[in-house]
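Here the structure is a predicted model, which is why all the values come from computation and not from measurement.
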Amino acid sequence: MREAGQAIGRAGGQAERRTGRFARLLNALRRIAGMPDYAGYVAHMAGRHPGCPVLSEREFYDQYVNARYGNGASRCC
């Protein structure tokens, strides 16, 4: 007979796997849509460029918007 703690541990592990899969799916959808990934940027900077300053989340998104749209919003009409 299994103990209750083992069953709870398994259920928690399954939930963590589902959460991880969901996070990866959201990340993939954001990449497809062209949205920036701040957490990925921070991980990249920590792993590949230790010691370099890391932009704040606000600065990161401002840089993304400026790179994508330039100085102003584009309009067709």
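If you run side chain to side chain contact (heavy atoms under 4.5 Å, CB included) between Val42 and each of Val54, Leu55, Asp37, only Val54 comes through.
When all heavy atoms of Cys52 and Met45 are compared, the closest pair comes out as CB-CE, 3.9 Å. Scanning both residues, Gly34 and Tyr64, for their nearest heavy atoms gives O-OH, 2.6 Å.
Applying the side-chain hydrogen bond (donor to acceptor under 3.5 Å, both in side chains) test to pairs two or more places apart or on separate chains, those with a residue in residues 39-50 are His44-His49.
A distance of 14.5 Å separates CZ in Arg21 from CG in Leu26, rounded to the nearest 0.5 Å. For the atom pair Gln63 CD and Arg68 CZ, the distance stands at 14.5 Å (nearest 0.5 Å).
Taking 4.5 Å as the limit, some side-chain heavy atom of Arg31 sits within range of a side-chain heavy atom of Asn27.
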